[in-house]
Amino acid sequence: MDIIFYHPTFDSSWWVENLQHAIPGARVRVWQPGDDQHADYALVWHPPLEMLRGRSTLKAVFALGAGVDSILSQMKAHPDMLPAGVPLYRLEDTGMGLQMQEYAVSQVLHWFRRFDDYQRQQAAGQWQPLAEYDRAGFTIGILGAGVLGAKVAESMVQWGFPVRCWSRSHKDYPGVTSFAGQQQLPAFLDGTRVLINLLPNTPQTVGIINAALLRQLSPGAFVLNLARGVHMVEDDLLSALDAGHIKGAMLDVFSKEPLPVSSALWQHPRVVMTPHIAAVTRPLEAIAFIGKTIASIESGRYPQGEVDLVRGY
């Protein structure tokens with residue numbers, strides 16, 4: 001089979017070598033402008049329009065990450081970018097679930113043990129033990145309950161926190177209270193002390209974390225954004241922090257990346273940031289997933305991970 005590969009930053013030669021080793025009979029080449037030769041599969045990240053357009057013989061396209069934003073956004077202007085009938089797959093986990101668990105647990109425990117307050121006391125030269133938070137009242141609310149949301153919820157349950165999730169449809173995860181649909185969003189927010197965002201990027205979720213939503217969280221709540229920057233109205237978050245309703249925020253993603261130096265988020269004393277590193281593609285696990293999925297397609301089965309182009313995930 002013939003596989004074309006494109007990623008603007010990955011070491012392409014490493015991927016070609018390891019894909020050919022992992023997938024028997026695969027001939028893998030790095031796509032270059034003007035390459036319109038036959039391909040059975042395409043592995044891409046932020047692909048140029050001309051790479052996929054017109055390739056009706058493709059059996060599948062794989063996005064080399066958990067999100068498919070760049071492909072779907074281009075398809076709005078160019079609906080024929082992905083030929084009709086060609087399935088699009090995303091990397092559902094491939095090590096990202098564990099990374100998200102590590103990130104979320106470390107930050108939730110940081111807030112729960114009041115290390116943020118102790119850091120401020122240290123800066124002020126204060127030595128003062130603080131009252132502990134009540135674990136039973138430290139409710140974790142997870143926006144988005146897909147593969148990564150489920151992993152984070154599982155890790156929070158293990159630490160004994162009350163955990164709830166909100167998504168498009170009801171979920172049945174052990175120890176997690178499930179809310180679904182727009183009508184149940186207020187009930188999900190009421191009583192949530194830590195809001196963790198792991199929603200997919202769709203037209204319905206852009207700007208969802210806004211002033212109206214933040215007001216419905218418990219006073220002194222915390223916000224952890226691990227999904228996409230477009231979900232957050234950053235000015236609304238800053239206002240909620242300044243008003244004291246939101247006590248702290250940890251942000252890994254932003255509406256513009258890299259974050260402009262002019263952003264007030266850089267200097268805000270109750271905001272901590274990382275440069276979109278919460279969960280990155282683990283190459284060997286990604287290759288194993290791709291190889292397994294291709295084997296399923298070749299045998300006529302319908303593997304997991306296919307993106308619903310209407311829903312956007």
Exercise for the section: Answer yes when Asp93 and Arg282 have at least one side-chain N-carboxylate O distance shorter than 4.0 Å, and no when they do not. Expected result: no

Handout entry: N/O donor-acceptor pair under 3.5 Å between Asp252 side chain and Ile277 backbone
Key = yes

Problem - Heavy-atom side-chain contact between Arg29 and Asp35 under 4.5 Å - result: yes

Practice task
Can you establish whether the number of heavy atoms outside Lys247 located under 6.0 Å from its atom NZ is more than 12?
Solution key: yes

Problem - Mutual orientation of the aromatic rings belonging to Tyr118 and Phe115 [parallel < 30°, tilted 30-60°, perpendicular > 60°] - result: tilted

Problem - Stepwise salt bridge (charged side-chain N to carboxylate O under 4.0 Å, His left out) check, Glu298 with Lys59 - result: CA-CA 9 Å; Glu298 291 292 311; Lys59 298 177 182 179; 2.9 Å; yes

Practice task
Without swapping roles, check the side chain of Asn201 against the backbone of Arg228 for a donor-acceptor pair under 3.5 Å.
Solution key: no

Handout entry: Whether Ser167 side chain and Ser169 backbone form a donor-acceptor pair below 3.5 Å
Key = yes

Practice task
Using atom types as modelled and distance alone, determine if a side-chain donor or acceptor of Thr281 lies under 3.5 Å from a backbone N or O of Leu64.
Solution key: yes

Handout entry: Flag, side chain of Glu285 to backbone of Gly95, donor-acceptor distance under 3.5 Å
Key = yes

Practice task
Could you grab the distance from atom CD1 of Ile3 to atom CD1 of Ile294, nearest 0.5 Å is fine?
Solution key: 4.0 Å

Handout entry: Phe138 side chain near Phe222 side chain, heavy-atom distance below 4.5 Å
Key = yes

Handout entry: Side-chain heavy atoms of Trp45 within contact of Ser70, under 4.5 Å
Key = no

Handout entry: Side-chain H-bond candidate by donor/acceptor type, His231 with Asn197, under 3.5 Å
Key = yes

Practice task
May I ask you to check whether over 12 heavy atoms, not counting those of Gln182, lie within 6.0 Å of atom CD?
Solution key: no

Exercise for the section: Compute both the distance and the angle, then confirm whether Arg114 meets the cation-pi test with Tyr133: under 6.0 Å from the six-membered ring centre, within 45 degrees of the axis. Expected result: yes

Handout entry: Heavy-atom donor-acceptor pair, Gln74 side chain to Pro47 backbone, under 3.5 Å
Key = yes

Exercise for the section: Give the ring-plane orientation class for Tyr6 versus Trp31, where under 30° counts as parallel, over 60° as perpendicular and anything between as tilted. Expected result: perpendicular

Exercise for the section: Establish, yes or no, whether the cationic atom of Arg135 lies under 6.0 Å from the six-membered ring centre of Phe161 and within 45° of the ring axis. Expected result: yes

Practice task
Check for a donor-acceptor pair, side chain of Ser299 on one end and backbone N or O of Ser296 on the other, with a separation under 3.5 Å.
Solution key: yes

Handout entry: Sub-4.5 Å side-chain heavy-atom contact between Met96 and Leu148
Key = yes

Exercise for the section: Indicate yes or no: does Arg270 engage Asp116 in a salt bridge with an N to O separation below 4.0 Å. Expected result: no

Practice task
Please work out whether the ring planes of Phe62 and Tyr89 are parallel, tilted or perpendicular, with thresholds of 30° and 60°.
Solution key: parallel

Problem - Glu50, CD atom: more than 12 neighbouring heavy atoms under 6.0 Å - result: yes

Handout entry: Distance-only polar pair, side chains of Arg53 and His78, donor-acceptor under 3.5 Å
Key = yes

Handout entry: Cluster check Tyr103, Phe112: I/L/V/M/F/W/Y, side chain < 4.5 angstrom
Key = yes

Problem - Whether Gln121 side chain and Gln128 backbone form a donor-acceptor pair below 3.5 Å - result: yes

Problem - Asp190 side chain vs Pro186 backbone, donor-acceptor pair below 3.5 Å - result: no

Handout entry: Approximate separation, where rounding is to 0.5 Å, of Leu213 CG and Asn210 CG
Key = 6.0 Å

Handout entry: Single hit among Leu238, Val271, Asp236, Leu217 for side chain to side chain contact (heavy atoms under 4.5 Å, CB included) with Ile246
Key = Leu217

Handout entry: Pair Glu132 + Arg113, salt bridge at N-O below 4.0 Å
Key = no

Practice task
For His38, look at atom NE2 and say whether over 12 heavy atoms of other residues, nucleotides or ligands are found less than 6.0 Å away.
Solution key: yes

Exercise for the section: Could you tell me whether Gln183 atom CD has more than 12 heavy atoms of other residues or ligands within 6.0 Å of it? Expected result: no

Problem - Check: Phe179 ring centroid to Trp166 ring centroid under 6.0 Å - result: no

